[in-house]
Novice: 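Please find one structure pasted underneath; my questions will follow.
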Amino acid sequence: MTSTAPETQRGHDAGDPLGEQPTSWQRRLRRFGHVPRPETSLRDRLDPPYTRPGRQVWSVLAIPPHVADRLVRWSGWGGPLLVTLVAGLLRFWKLDQPHAVIFDETYYAKDAWALVNQGYEGSWPKDVDKQILNDPSSVPIPTDPGYVVHPPVGKWIIGFGEQLFGFTPFGWRFMVAVLGTISVFLLCRIGRRLFRSTFLGCLAGLLLAVDGLHFVMSRTALLDLIVMFFVLAAFGCLVVDRDHARRRLAAALPVDEEGVLRPNARVAETLRLGWRPWRLAAGVMLGLAFATKWNGLYVLAAFGLMTVLWDVGARRTAGAVHPYQAVLRRDLIPAFVSTVPVAIVTYIVSWTGWIVTDKGYYRNWAATEGKDSSWSWLFPDWLRSLWHYENQVYDFHVGLTSGHTYESNPWSWLVLGRPVSYFYEEQTGCTQSSTGKCAAEVLAIGTPLLWWLACFALAYVVWRWFFRRDWRAGAIACGVVAGWLPWFFYQERTIFLFYAVVFVPFLCLAVTMLLGAIAGPAAGTGARAELGLTTDDPTGERRRTLGAIAVGVLVLLIIWNFIYFWPLFTGTQIPEDLWRDRMWLDTWV
């Protein structure tokens, strides 16, 4: 039995069986949408093909075949770029509004300005924010070192925008908005590679573009969006590395006389996968995440384990009888060296400004208070001073238990239990409101319908990984766990919902995976084609049509929800009545 739409998927190897004929009970269950799992060739299991739209799509649009082929070739880049353009326009629209120092911008904007101008953070006087907004050129940079509790990479990035556009709200928000926009493009490409579908990749990017928390964080000079960017970039590098490694395995496996790729235990267990630059790049990205905020360290551990397990799966698929032992001998040490030491070196290099200026906080601790240390003969003073500084910062973080109006427990994050108000301004004499007041607020909250749907999507992802052993579901779950689980160890600490922005891209991937399942496989392609459910099959067509309608409705509702909350994402002034209408939960006030 062969596919009736060969243009939609790369064909099986010549002579490769497509599986047994479906039994009578399977044929009877087709009318209820049942599709047995088809047999897949070894080559497609190691290097899955990308799906392509069927010919009937282009026929309906009256597009000639040669033009359609060109559109398909360009869609892999054109689609993500189009979604990114939309995301960028949204994020840069009135980026300097509100013209204020909102929430923790009071720390990072000033620390970044000092860092890029003198190499270390200064001790700023209190109540200097208004002077900065009115006339930043009149504010001198303090030369006394300031005690800061986060590594410098994120502040270097914020400071670069300030160097380009000045010590202004637009300047200190510019680079964060750039990274927020680029992260949408990255997610489109990662989703495309993960699901082997340009449409699903672009859908994941679109969901990220209209997520409220990601949007607000992209327009605010805080560090967490920057951590998210590097975590997402590292994940993308590891996904590319996974594809390249499996492609090398496929190229090394033997082909029988019929041209069919066959597993081989000796090749699978002894092949060295060689130079893996994408995994090295992932190590650098994870180091930069760690050098922005410490929670990147947990992501480093989770992703390091994930990439090793991917190697186990690849060698097992290629025919390894003892895949864990093979990975232990061939892959474990290279994987460790490419990630952990590279990330640590990247972290230390990020402190270069503090090291070379010799004026940063605790910079000379080793030569003064720590001069009698028993380790002074082994490590240079700057390294011992940095180690002492890190210990002091760690004690600060774990001991930060002072209450805050907007603190929240990580258990409540997925349901948006307690968002954070970054900015609130009330105006009286507003004739449009029954109360006579208007309100302008910047509320760090995810798009509610997207996040609440993500709760169901995560349950589906866990089911898919546990019962179907779908590596894509496992990868998505790993991203969520790496960004969310560490905060459960510090529930006594003062923590906030906006920390969750680190794993928002993985929530969007989870929702995309769920929506893809709701839509179902295209009739005439993939599993349905192998089972004879072609475009002429009314059950398959009906299932696909209903699924596509359901997905379209859900996506439109999420976009509407983003538009509805737009005033709360941007600080747009609205009548207090309309502001209260958007307070769906009492805990949001």
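Values below: every heavy atom of this structure, side chains too, minus hydrogens, waters and symmetry copies.
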Novice: Without swapping roles, check the side chain of Asn134 against the backbone of Lys130 for a donor-acceptor pair under 3.5 Å.
Specialist: yes

Novice: Checking Ser183 against His214: is there a side-chain donor and acceptor pair closer than 3.5 Å?
Specialist: yes

Novice: Taking Trp124 for its side chain and Lys110 for its backbone only, find out whether a donor-acceptor pair lies under 3.5 Å.
Specialist: yes

Novice: Taking the side chain from Thr339 and the backbone from Ala335, do they hold a donor-acceptor pair closer than 3.5 Å?
Specialist: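 Yes; judged by distance alone, with no hydrogens or angles, the pair exists.
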
Novice: Could you check whether Arg189 makes a cation-pi contact with Trp77, meaning its NZ or CZ is under 6.0 Å from the centre of the six-membered ring and within 45° of the ring axis?
Specialist: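 Yes - Arg189 lies over the ring of Trp77, closer than 6.0 Å to its centre and within 45° of its axis.
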
Novice: For Tyr107 and Glu105, test the side chains for any donor-to-acceptor distance below 3.5 angstrom and give the result as yes or no.
Specialist: no

Novice: Would you please indicate yes or no on a ring centroid separation below 6.0 angstrom for Phe506 and Phe235?
Specialist: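 Close enough - the centres of the two rings lie under 6.0 Å apart.
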
Novice: Under 3.5 Å, is there a donor-acceptor pair between the Trp278 and Asp243 side chains?
Specialist: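 No, Asp243 and Trp278 have no side-chain donor paired with an acceptor closer than 3.5 Å.
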
Novice: Without swapping roles, check the side chain of Trp382 against the backbone of Arg363 for a donor-acceptor pair under 3.5 Å.
Specialist: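 No, because the side chain of Trp382 does not come within donor-acceptor range (under 3.5 Å) of the backbone of Arg363.
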
Novice: Is the shortest distance from a Lys or Arg side-chain nitrogen in Arg330 or Asp311 to a carboxylate oxygen in the other one below 4.0 Å?
Specialist: no

Novice: So does Gly212 get a backbone contact from the side chain of Thr447, meaning a donor-acceptor N/O pair under 3.5 Å?
Specialist: yes

Novice: Working to the nearest 0.5 angstrom, can you tell me the gap between Leu82 CG and Leu206 CG?
Specialist: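 The distance works out to 10.0 Å.
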
Novice: For a side chain to side chain donor-acceptor pair (under 3.5 Å) check, start with the C-alpha distance between Tyr361 and Gln392, then their side-chain angles and the critical distance, and finish with the verdict.
Specialist: CA-CA 11 Å; Tyr361 204 87; Gln392 296 300 307; over 6 Å; no

Novice: Can you confirm if the aromatic rings of Phe160 and Phe174 lie within a centre distance of less than 6.0 Å?
Specialist: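 Ring centroids of Phe174 and Phe160 are no less than 6.0 Å from each other.
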
Novice: Students often mix this up, so state it plainly: with edges at 30° and 60°, are the rings of Trp471 and Trp310 parallel, tilted or perpendicular?
Specialist: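 Trp471 vs Trp310 ring planes: perpendicular.
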
Novice: Should Lys155 and Glu121 count as an ion pair when the cut-off is N to O under 4.0 Å?
Specialist: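 Judged by the 4.0 Å cut-off on N to carboxylate O distance, Lys155 and Glu121 do form a salt bridge.
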
Novice: Which heavy atom in Met513 sits nearest to a heavy atom in Val461, and how many Å separate them?
Specialist: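 Residues Met513 and Val461, closest heavy atoms: SD-CG2, 4.2 Å.
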
Novice: Taking atom CG of Asp104 and atom CG of Asp111, what is their separation to the nearest 0.5 Å?
Specialist: 10.5 Å

Novice: Between Ala482 and Ala302, which heavy-atom pair has the shortest distance, and what is it?
Specialist: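 Smallest heavy-atom distance, with atoms named: CB-CB, 3.6 Å.
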
Novice: Check Lys293 with Asp224, please: is the shortest side-chain N to carboxylate O separation under 4.0 Å?
Specialist: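 So Asp224 pairs with Lys293 through a salt bridge.
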
Novice: Look up atom NZ in Lys126 and atom OG1 in Thr106, then write down how far apart they are to the nearest 0.5 Å.
Specialist: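 Here the interatomic distance stands at 11.5 Å.
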
Novice: Evaluate the ring-ring contact (aromatic ring centres under 6.0 Å, His included) criterion for residues Phe562 and Phe569: first the C-alpha distance (whole Å), next the side-chain angles of each, then the deciding distance (0.1 Å), finally the verdict.
Specialist: CA-CA 9 Å; Phe562 174 76; Phe569 298 148; 5.5 Å; yes

Novice: Go through the steps for Trp172 and Val101 under the test side chain to side chain contact (heavy atoms under 4.5 Å, CB included), then give the verdict.
Specialist: CA-CA 10 Å; Trp172 61 63; Val101 180; 3.9 Å; yes

Novice: I'd like to know if the side chain of Ser350 reaches the main chain of Tyr347, judged simply by a donor and an acceptor atom lying under 3.5 Å from each other, with no hydrogens or angles considered.
Specialist: yes

Novice: For Trp584 together with Phe565, are the ring centres under 6.0 Å from each other?
Specialist: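 Ring centroids of Phe565 and Trp584 are less than 6.0 Å from each other.
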
Novice: Using 0.5 Å steps for rounding, measure from the CG atom of Leu568 to the OH atom of Tyr422.
Specialist: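 Output value for this atom pair is 14.0 Å.
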
Novice: Rounded at 0.5 Å granularity, tell me how far CG in Asp381 sits from NE2 in His388.
Specialist: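 So the gap between those two atoms works out to 13.0 Å.
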
Novice: Are the aromatic rings of Trp484 and Phe488 close, with centres under 6.0 Å apart?
Specialist: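 Distance test on ring centres: under 6.0 Å, yes.
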
Novice: If you compare all heavy atoms of Ile141 against all heavy atoms of Asn117, which two are closest, and at what distance to 0.1 Å?
Specialist: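 Where Ile141 meets Asn117 most closely, the heavy atoms are CD1-CB, 3.5 Å.
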
Novice: Could you tell me whether the side chain of Thr168 and the main chain of Gly171 form a donor-acceptor pair under 3.5 Å?
Specialist: yes

Novice: Between CG of Leu416 and CH2 of Trp451, what distance do you get to the nearest 0.5 Å?
Specialist: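 Output value for this atom pair is 6.0 Å.
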
Novice: Answer yes or no for Arg493 and Trp487: cation-pi contact, defined as NZ/CZ to six-membered ring centre under 6.0 Å and angle to ring axis within 45°.
Specialist: no

Novice: I'd like to know if the side chain of Gln118 and the backbone of Trp113 have a donor-acceptor N/O pair within less than 3.5 Å.
Specialist: no

Novice: Ignoring hydrogens and geometry, is there a side-chain-to-backbone donor-acceptor pair from Arg173 to Leu95 under 3.5 Å?
Specialist: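 Answer holds: yes.
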
Novice: Give a yes or no on this: more than 12 heavy atoms of other residues, nucleotides or ligands lie within 6.0 Å of atom CH2 of Trp387.
Specialist: no

Novice: I want to know whether Trp93 and Trp566 have ring centres closer than 6.0 Å.
Specialist: yes

Novice: Does atom CZ of Phe92 have more than 12 heavy-atom neighbours from other groups under 6.0 Å away?
Specialist: yes

Novice: Quick one: are the ring centres of Tyr389 and Trp365 less than 6.0 Å apart?
Specialist: no

Novice: Can you list the steps and then say if Glu426 with Tyr424 is a side chain to side chain donor-acceptor pair (under 3.5 Å)?
Specialist: CA-CA 7 Å; Glu426 193 174 87; Tyr424 184 84; 3.3 Å; yes

Novice: Quick one: closest heavy-atom pair of Cys188 and Gly205, and the distance?
Specialist: SG-CA, 3.5 Å

Novice: Tell me if a side-chain donor or acceptor on Arg418 pairs with a main-chain N or O of Ser412 at a distance below 3.5 Å.
Specialist: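 No, because the side chain of Arg418 does not come within donor-acceptor range (under 3.5 Å) of the backbone of Ser412.
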
Novice: Would you say the rings of Phe496 and His404 are close, in the sense that their centroids are separated by under 6.0 Å?
Specialist: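 That pair passes the under 6.0 Å test.
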
Novice: Any chance you could lay out the side chain to side chain contact (heavy atoms under 4.5 Å, CB included) test for Tyr362 and Thr368, step after step, and finish with the verdict?
Specialist: CA-CA 10 Å; Tyr362 278 134; Thr368 54; over 6 Å; no

Novice: Pair Leu207, Thr512 - check side chain to side chain contact (heavy atoms under 4.5 Å, CB included), show working.
Specialist: CA-CA 8 Å; Leu207 294 177; Thr512 300; 3.6 Å; yes

Novice: Just checking Trp354 against Tyr120, ring centres under 6.0 Å apart?
Specialist: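 Between Tyr120 and Trp354, which both carry aromatic rings, the centre distance is not below 6.0 Å.
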
Novice: Tell me if the CG atom of Asp135 is crowded by more than 12 foreign heavy atoms within 6.0 Å.
Specialist: yes

Novice: Please enumerate all residues that pass side-chain hydrogen bond (donor to acceptor under 3.5 Å, both in side chains) together with Gln97, with sequence neighbours excluded.
Specialist: none

Novice: If you take all heavy atoms of Leu509 and Ala204, which pair is closest and at what distance?
Specialist: CD2-CB, 3.9 Å

Novice: Start with the C-alpha distance between Tyr499 and Trp413, add both sets of side-chain angles, then the distance that settles side chain to side chain contact (heavy atoms under 4.5 Å, CB included), and finish with yes or no.
Specialist: CA-CA 9 Å; Tyr499 294 170; Trp413 287 357; 3.8 Å; yes

Novice: Walk me through whether Arg315 and Asp331 qualify under salt bridge (Lys or Arg N to Asp or Glu O under 4.0 Å).
Specialist: CA-CA 11 Å; Arg315 292 188 181 275; Asp331 303 317; 2.7 Å; yes

Novice: Of the non-hydrogen atoms in Trp588 and Gly417, which two are nearest, and what is the gap between them?
Specialist: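 Closest heavy-atom pair between Trp588 and Gly417: CD1-O, 4.0 Å.
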
